[in-house]
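Right, one structure below, let's go through it.
Owing to the predicted nature of the structure, the values given are computational and were not obtained by experimental measurement.
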Amino acid sequence: MAGLDHSLLLGLALAALFAGFIDSVVGGGGLIQIPALFNALPQELPATLFGTNKFSSVFGTSNAAWRYARRVEMPWRTTLPAALAAFACSYLGAMAVAWLPPAMLRPLILLLLIGAAAYTFGRRDFGALHQPQHKGRQEFAYALLLGGAIGFYDGFFGPGTGSFLIFLFVRFFGFDFLHASAASKVVNVSTNLAALAFFIPHGHFLPLLAVLMAVCNILGSFLGTHLALRHGSGFVRKVFLCVVSLFIIKFAHDTFV
């Protein structure tokens with residue numbers, strides 16, 4: 001941090017604050033923090049910047065998961081198997097980067113984002129009620145499948161993981177948006193920890209900057225979870241549509257421009 005002037009530090013702190021807010025509600029904080037880090041520290045290795053991002057993000061996401069768990073009846077029978085599968089498969093996703101360039105996924109991810117936004121916008125009752133659809137072994141199996149797929153994606157590519165999780169929890173498990181957001185935080189913590197298990201031992205993070213951004217990320221997550229818990233699923237749905245729309249614009253720009 002000694003080489004950063006105060007304006008860059010302030011910019012990174014504000015980016016972490018906003019990322020924590022967005023991530024605690026609908027996910028996607030990485031799309032704010034990562035560009036900010038790359039713009040502020042172009043001389044650093046990408047792995048170091050990704051590690052710094054993951055370090056700060058895991059604290060904000062953990063705080064959000066804890067606050068949701070205190071106020072929302074957490075669907076643990078779905079969430080925990082999904083989190084365990086996501087942790088394991090994020091390693092596989094990271095390994096797969098060597099076989100297939102992540103950029104090849106951009107058109108597919110763009111189509112999935114457009115589909116998720118159109119489906120959510122077209123069905124105004126989507127995610128309004130919490131009506132879990134699966135039980136027993138079927139619930140366990142589907143949770144492993146969802147967690148494994150999302151974990152692989154997060155390890156391989158990553159952007160929008162939290163938003164995809166929320167959509168899938170609503171669409172395939174019958175959660176409302178608030179419960180889906182709460183469950184997604186637990187799964188996101190597991191994928192972040194899996195990434196940090198690689199980044200930290202290899203020194204791929206900037207400790208002092210990571211701690212500063214973690215504090216700001218936590219502050220943002222306090223605000224985001226407060227608003228989500230206060231205003232419920234309707235608020236989360238609106239933020240989800242706004243954030244996914246921004247994702248679509250960004251992915252379209254990165255893919256075609």
Side-chain angles (χ1 to χ4, degrees), residues 1 3-4 7-65 83 86-87 89-91 93-95 97 102-103 105-106 109 150-165 184-224 243 246-247 250-251 254:
M1 289 210 317
L4 287 177
S7 62
L8 286 177
L9 282 177
L10 179 60
L12 289 173
L14 290 175
L17 182 74
F18 187 49
F21 172 80
I22 293 297
D23 214 46
S24 67
V25 183
V26 294
L31 289 178
I32 299 168
Q33 280 195 166
I34 291 174
L37 283 165
F38 272 83
N39 287 331
L41 300 166
Q43 75 280 4
E44 294 290 344
L45 292 173
T48 300
L49 300 182
F50 281 119
T52 302
N53 169 68
K54 287 293 186 184
F55 184 94
S56 62
S57 296
V58 75
F59 284 94
T61 307
S62 297
N63 173 72
F87 183 91
C89 290
S90 64
Y91 269 105
M95 292 170 58
V97 174
L105 275 183
R106 288 191 184 278
I109 302 305
I150 287 294
F152 183 88
Y153 171 75
D154 195 41
F156 182 74
F157 194 60
T161 295
S163 299
F164 278 127
L165 270 171
S184 73
K185 300 303 167 286
V186 178
V187 179
N188 247 341
V189 169
S190 71
T191 58
N192 284 341
L193 288 175
L196 287 175
F198 170 79
F199 286 128
I200 290 180
H202 290 83
H204 291 312
F205 77 117
L206 302 171
L208 294 179
L209 180 59
V211 170
L212 170 66
M213 294 182 70
V215 171
C216 295
N217 208 275
I218 291 171
L219 292 175
S221 78
F222 266 108
L223 178 60
V243 171
L246 292 175
F247 286 173
K250 175 173 172 51
F251 272 87
D254 293 344

- prompt: How many angstroms lie between OG1 in T48 and NE2 in H202, if you round to the nearest 0.5 Å?
  reply: 12.0 Å
query: Say you draw a straight line from CG of L165 to OG1 of T161; how long is it, rounded to the nearest 0.5 Å?
result: 7.0 Å
- line: Here the pair of heavy atoms bringing A86 nearest to S190 is CB-OG, 3.8 Å
- request: To the nearest 0.5 angstrom, please state how far the NZ atom of K54 sits from the CG atom of D154.
  value: 4.0 Å
- line: Taken to the nearest 0.5 Å, the spacing of S7 OG from L12 CG works out to 9.5 Å
field: Donor-acceptor under 3.5 Å (T52 side chain, L206 main chain)
entry: yes
- request: Could you pull out the closest heavy-atom pair between S56 and A214, with the gap in Å?
  value: CB-N, 3.5 Å
message: Treating T191 as the side-chain partner and N188 as the backbone partner, does any N or O pair qualify as donor plus acceptor under 3.5 Å?
response: yes
Under 3.5 Å: donor-acceptor pair, side chain of N217, backbone of L17: no
task: Starting at CG of D23, measure out to CD of Q33 and round the result to the nearest 0.5 Å.
output: 8.0 Å
- request: For residues L212 and L9, report the shortest heavy-atom separation together with the two atoms involved.
  value: CD2-CD2, 4.1 Å
statement: CG of N192 to CZ of F59, rounded to nearest 0.5 Å, is 11.0 Å
query: Parallel, tilted or perpendicular: which fits the ring planes of F164 and Y153, with parallel below 30° and perpendicular above 60°?
result: perpendicular
- request: Mark yes or no for whether S163, through its side chain, and V26, through its backbone, hold a donor-acceptor pair below 3.5 Å.
  value: yes
query: Does some side-chain heavy atom of F55 sit less than 4.5 Å from a side-chain heavy atom of F199?
result: no
field: Heavy atoms from other residues, nucleotides or ligands near CZ of F18 exceed 12 (cutoff 6.0 Å)
entry: no
task: Give the minimum heavy-atom separation between G224 and S24, together with the two atoms involved.
output: CA-OG, 3.1 Å
field: Any I22 side-chain heavy atom under 4.5 Å of L31 side chain
entry: no
query: How close do G29 and A19 get, heavy atom to heavy atom, and via which atoms?
result: O-CB, 3.5 Å
query: Checking side-chain contact (heavy atoms from CB on, under 4.5 Å) for the pair L209/L37: CA distance, chi angles, key distance, verdict?
result: CA-CA 10 Å; L209 180 59; L37 283 165; 4.0 Å; yes
Name of the residue among L223, L219, I32 meeting side-chain contact (heavy atoms from CB on, under 4.5 Å) with F21: L223
field: Nearest non-hydrogen partners of A64 and S221, listed with the distance
entry: N-OG, 4.2 Å
